[in-house]
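Report on one structure; see the data block that follows.
Computed over heavy atoms, backbone and side chain alike; hydrogens, waters and symmetry mates excluded.
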Amino acid sequence: QCEEAAYEERQYPAGKWACVTKGEPMYEQSISMSFMKLMRYICKDNSVGCYLGMTVPVLNEIHLTKEGTGLEREVITAYYLPGRFQQNPPVPTDPEIHITDRSPLRVITRVFYGITTEETILREISLFWELLGSTDTVLQGTYIVAAYENPSVPQRRNEIWFICQA
């Protein structure tokens with residue numbers, strides 16, 4: 001009988017991402033507003049005026065407060081540009097969208113399902129730390145929430161990513 005692994009380690013290549021940073025009062029507001037901006041860019045608010053194509057996951061980079069009990073307001077939401085646009089990304093018409101070159105990334109990741117709120121994310125981070133135990137191989141305080149499905153899907157697949165130290 002096979003059991004699903006509790007977590008896995010992955011390596012992601014360097015690449016270009018369209019990113020929006022928002023600092024709304026609630027995490028859900030920040031990611032919702034950022035994702036809508038990115039969707040407009042993907043759908044045609046860009047210098048080539050065409051649909052770019054969706055990629056998954058959409059990443060939300062978060063930071064814990066100094067006390068570690070909550071999330072900082074600023075969340076970076078990032079969409080990976082499809083392969084054909086990696087060399088020459090279409091320019092966003094929205095000045096809040098920035099095209100960023102991200103370095104290769106090594107993460108330890110764990111799947112969870114459902115809606116992502118500050119509360120559910122903090123719980124997932126805590127559970128993941130319990131599972132991993134004490135380690136200095138990953139960053140503390142900066143995490144990524146990866147979303148694989150539309151936010152309206154009630155039991156959508158998400159992952160919490162712990163970023164490995166360089």
Does this structure show an ion pair linking Glu74 with Lys22, if we count only N-O contacts that are shorter than 4.0 Å?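 Salt bridge: no.
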Assess the residue pair Glu72 and Lys66 against the criterion (salt bridge (Lys or Arg N to Asp or Glu O under 4.0 Å)); give the C-alpha distance rounded to whole Å, side-chain angles, the decisive distance to 0.1 Å, and a yes or no. CA-CA 9 Å; Glu72 292 283 346; Lys66 279 193 300 258; over 6 Å; no
Are [X] and [Y] linked, directly or through other ILVMFWY residues, by side chains that come within less than 4.5 angstrom of each other?
X: Val75; Y: Met33; answer: no
X: Leu105; Y: Tyr148; answer: yes
X: Val138; Y: Ile144; answer: no
X: Val145; Y: Ile108; answer: yes
X: Ile97; Y: Tyr79; answer: yes

Salt bridge (Lys or Arg N to Asp or Glu O under 4.0 Å) partners for Asp45, two or more places apart: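 Salt bridge (Lys or Arg N to Asp or Glu O under 4.0 Å) check on Asp45 returns nothing, list empty.
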Are any of the side-chain heavy atoms of [X] and [Y] separated by less than 4.5 Å?
X: Leu139; Y: Gln165; answer: yes
X: Gln11; Y: Pro104; answer: yes
X: Lys37; Y: Glu96; answer: yes
X: Ile121; Y: Ile62; answer: yes
X: Thr77; Y: Leu38; answer: yes
X: Ser47; Y: Pro90; answer: yes

Counting heavy atoms not belonging to Gln87, are there more than 12 under 6.0 Å from its CD?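 No, not enclosed.
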Using a 6.0 Å cut-off, check whether atom CD of Glu119 has over 12 heavy atoms from anything other than its own residue.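 Open: at most 12 neighbouring heavy atoms sit under 6.0 Å from CD of Glu119.
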Please check: side-chain N/O of Thr120 versus main-chain N/O of Ile115, any donor-acceptor pairing under 3.5 Å?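 Yes, because the side chain of Thr120 sits within donor-acceptor range (under 3.5 Å) of the backbone of Ile115.
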Between the side chain of Arg84 and the main-chain N/O of Pro82, is any donor-acceptor distance below 3.5 Å?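 Checking the backbone N and O of Pro82 against the side chain of Arg84, no donor-acceptor pair under 3.5 Å is found.
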Using distance alone, with no hydrogens and no angle criterion, decide if Thr116 and Asn158 have a side-chain donor and acceptor under 3.5 Å apart.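 No donor-acceptor contact under 3.5 Å links the two side chains.
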Tell me yes or no: between the side chains of Thr109 and Trp161, is some donor less than 3.5 Å from an acceptor?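 Distance-only check passes for Thr109 and Trp161.
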In Å, rounded to the nearest 0.5 Å, how long is the span from [atom1] of [X] to [atom2] of [Y]?
X: His63; Y: Thr142; atom1: NE2; atom2: OG1; result: 4.5 Å
X: Glu61; Y: Thr21; atom1: CD; atom2: OG1; result: 8.5 Å
X: Asp94; Y: Arg40; atom1: CG; atom2: CZ; result: 7.0 Å
X: Lys44; Y: Thr93; atom1: NZ; atom2: OG1; result: 11.0 Å
X: Glu24; Y: Ser34; atom1: CD; atom2: OG; result: 8.0 Å

Can you list, pair by pair, the side-chain donor-acceptor contacts under 3.5 Å of residues 126-136, counting residues two or more places apart and other chains?
from: Trp129; atom 1: NE1; to: Tyr143; atom 2: OH; distance (Å): 2.8
from: Thr135; atom 1: OG1; to: Thr137; atom 2: N; distance (Å): 3.1
from: Thr135; atom 1: OG1; to: Thr137; atom 2: OG1; distance (Å): 2.8

Show the nearest heavy-atom pair for residues [X] and [Y], with the distance to one decimal.
X: Cys19; Y: Ile76; value: CB-CG2, 4.1 Å
X: Gln86; Y: Pro89; value: O-CD, 4.0 Å
X: Arg102; Y: Ala78; value: NH1-CB, 4.0 Å
X: Val91; Y: Tyr41; value: C-CE1, 4.1 Å
X: Val107; Y: Ile163; value: CG1-CA, 4.3 Å
X: Leu122; Y: Thr69; value: CD1-O, 3.5 Å

Qualifying residue, where the test is side chain to side chain contact (heavy atoms under 4.5 Å, CB included) with Trp17 and the options are Leu81, Val58, Leu59: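 The single option meeting the side chain to side chain contact (heavy atoms under 4.5 Å, CB included) with Trp17 is Leu59.
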Does Tyr113 form a side chain to side chain contact (heavy atoms under 4.5 Å, CB included) with Arg156? I'd like the steps, not just the answer. CA-CA 5 Å; Tyr113 295 91; Arg156 75 175 176 164; over 6 Å; no
Would you sort out whether Ile42 and Phe35 count as a side chain to side chain contact (heavy atoms under 4.5 Å, CB included), showing the intermediate values? CA-CA 10 Å; Ile42 293 163; Phe35 185 71; 5.6 Å; no
Applying salt bridge (charged side-chain N to carboxylate O under 4.0 Å, His left out) between Arg110 and each of Glu124, Glu9, Glu159, report the one that passes.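 Result: among Glu124, Glu9, Glu159, Glu124 is the only option passing the salt bridge (charged side-chain N to carboxylate O under 4.0 Å, His left out) with Arg110.
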